[in-house]
Amino acid sequence: MNIRVELTKTPKPKPQDESKLGFGDIFTDHMFIMNYTEGKGWYDARIVPYAPLSLDPAAMILHYGQEVFEGMKAYRTKEGHIQLFRPEQNFKRLNVSNERLCIPAIDENVALEGLKELIKVDQDWVPHQVGTSLYIRPFIIATDPHLGVRASHEYLFIIICSPVGAYYKEGLNPVKIYVETNYVRAVKGGTGFAKTGGNYANGLKAQDEAKKQQYSQVLWLDGIERKYVEEVGAMNIFFKIDGKIITPSLLGSILPGITRMSSIELLKSWGYEVEERRIPIQEVADAYKAGKLEEVFGTGTAAVISPVGHLKWGDLVMDINNNEIGPVSQRLYDEMTGIQWGILPDTHNWIVRVL
Ligand code: PLP
Ligand code: COI
């Protein structure tokens, strides 16, 4: 596919102090766009200056939330290369989300080529400091101006990029999380496994209440029995109980995280037993009381590997590993970021170099 490139005439100043990047507030000079029209397919792949979109007020995304997105990162190595971590998995998952939201599939190769071109154009925006990266947000929105409820006939596929630091202000320090017993995120048969805005809009109320109580996020339970552990707002969850690593299985209500999948592969290659299964929250509490809850950590692109130091369920407060990062979480973090930043060899063939 031919990608047209229109460069900005007014480049923005780049952030001077990379230690203050935060997450998701600064955007690069360009974006990738492609249109879809029924009968014509996806067309007009282009890289254009980053700018506001012009949308019809009746655009279906604004009314019925028909949209999907992805989250991935580009990393600068100390040799000056720029590389992506398993990007083909993100575009594959985008198409899984598309299918669930009745959005036409994209060509995953075209998306990856478009992304690489965009990163080349905006390469100076990939930050240098340890712990920073270029967060990449591909997304698709329904643009058909129509008020009846049906799938749109027109879409925009867009990729924007944002230089970022840590997602949680705690960085690698353990986060505080509580088990949500009032609200639910998803149920099997719903959209829990898809990366679509509605899942996050639905989670805001619980997240807001957690923030008010000085918690980072909530740990969701299954929406039917309110008994089994699901995931956290922006990450999958792992428990180390009595030497074994356990994480919720993919039954349709949680996001199949790429960091989750990669962590399982790494842990197994190190000889750990990893169980993917339903985990009653009662089992976690019992393990804690028996002194066998050794580590709890979340995995995600934005969150990387995020230790949980304090987990509250009703009246029970579980202080995990003295509120310090545990050895398995630390090893996973070191290995994962080592591969991502090109410090360690890419033993699993996960890296795609852009430059
Ligand atoms: N779960 C949710 C709800 C998420 O938003 C994310 C972030 O993308 C994850 C899990 C982790 O997925 P990944 O490792 O692919 O970033
Ligand atoms: C990610 O980890 O990429 C996410 O999408 C999490 C969040 C920023 C929504």
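Just so you know, residue 1 is the first one in the sequence shown, and it goes up from there. All figures in this text were calculated on a predicted structure; none of them were measured in a lab. One-based numbering, in listed order, for ligands and for the atoms of each.
In this structure, the ring of Tyr155 has its center less than 6.0 angstrom from the ring center of Tyr36. A distance of 6.0 Å or more separates the ring centres of Phe27 and Tyr135.
In this structure, Arg331 satisfies the cation-pi test against Trp270, with its NZ or CZ atom closer than 6.0 Å to the six-membered ring centre and inside 45 degrees of the ring normal.
Heavy atoms of Met235 found under 4.0 angstrom from ligand 1 belong exclusively to the backbone.
The protein heavy atom nearest to atom 3 (C) of ligand 1 is Gly233 O, 3.2 Å. Nearest non-hydrogen protein atom to atom 14 (O) of ligand 1 is Thr259 OG1, 2.5 Å. Closest to atom 16 (O) of ligand 1 among all protein heavy atoms lies Thr301 OG1, 2.5 Å.
Proximity to Arg93 (heavy-atom distance under 4.0 Å) selects the following atoms of ligand 1: 12 (O), 13 (P), 15 (O). Residue Lys195 has at least one heavy-atom neighbour below 4.0 Å for each of these atoms of ligand 1: 4 (C), 5 (O), 6 (C), 7 (C), 8 (O). Residue Glu231 approaches ligand 1 through these ligand atoms, each under 4.0 Å from one of its heavy atoms: 1 (N), 2 (C), 3 (C), 10 (C). Proximity to Tyr200 (heavy-atom distance under 4.0 Å) selects the following atoms of ligand 1: 2 (C), 3 (C), 4 (C), 5 (O). Within ligand 1, counting atoms from 1 as listed, the ones closer than 4.0 Å to a heavy atom of Gly300 are 11 (C), 14 (O), 16 (O). Heavy-atom proximity to Ala234, at under 4.0 Å, picks out these atoms of ligand 1: 2 (C), 4 (C), 5 (O), 6 (C), 7 (C), 9 (C).
Between Arg137 and Glu70 no salt bridge is recorded (no basic side-chain N to carboxylate O distance below 4.0 Å). The pair Glu230-Arg278 fails the salt-bridge criterion, with no side-chain N (NZ, NE, NH1 or NH2) lying under 4.0 Å from an Asp/Glu carboxylate O. Between Glu283 and Arg277, at least one side-chain N (NZ, or NE/NH1/NH2) sits under 4.0 Å from a carboxylate O, which counts as a salt bridge. Using a 4.0 Å cut-off between charged nitrogen and carboxylate oxygen, Lys188 and Asp222 do not count as a salt-bridge pair. The residues Arg46 and Asp44 are annotated as salt-bridged, a charged nitrogen and a carboxylate oxygen being separated by less than 4.0 angstrom.
Sequence neighbours left out, the pairs with a member in residues 296-323 that pass side chain to side chain donor-acceptor pair (under 3.5 Å) are Tyr215-His310.
For atom 12 (O) of ligand 1, the candidate residues are Gly257, Ala186, Pro256; the nearest heavy-atom contact is made by Gly257.
Not a single N or O atom of Arg185, backbone or side chain, sits closer than 3.5 Å to an N or O atom of ligand 1. In terms of polar-atom proximity, Ile258 is counted as a contact of ligand 1, with an N or O under 3.5 Å from an N or O of the ligand. Checked against a 3.5 angstrom limit, the closest N/O atoms of Thr299 and ligand 1 fall outside it.
Looking only at atom types and distance, the side chain of Tyr50 has no donor-acceptor partner in the side chain of Thr28 under 3.5 Å away. Counted by atom type alone, Arg93 and Asn98 present zero donor-acceptor pairs between their side chains at under 3.5 Å.
Of the possible donor and acceptor atoms, one in the side chain of His146 sits under 3.5 Å from a partner among the backbone N and O of Gly148.
Near ligand 2, residues Phe23, Phe69, Gly71, Tyr135, Arg137, Tyr167, Lys195, Tyr200, Ala234, Thr301, Ala302 each place a heavy atom inside the 4.0 Å sphere around the ligand atoms.
Listed here is the closest heavy atom pair of Leu172 and Pro307: O-CG, 3.2 Å.
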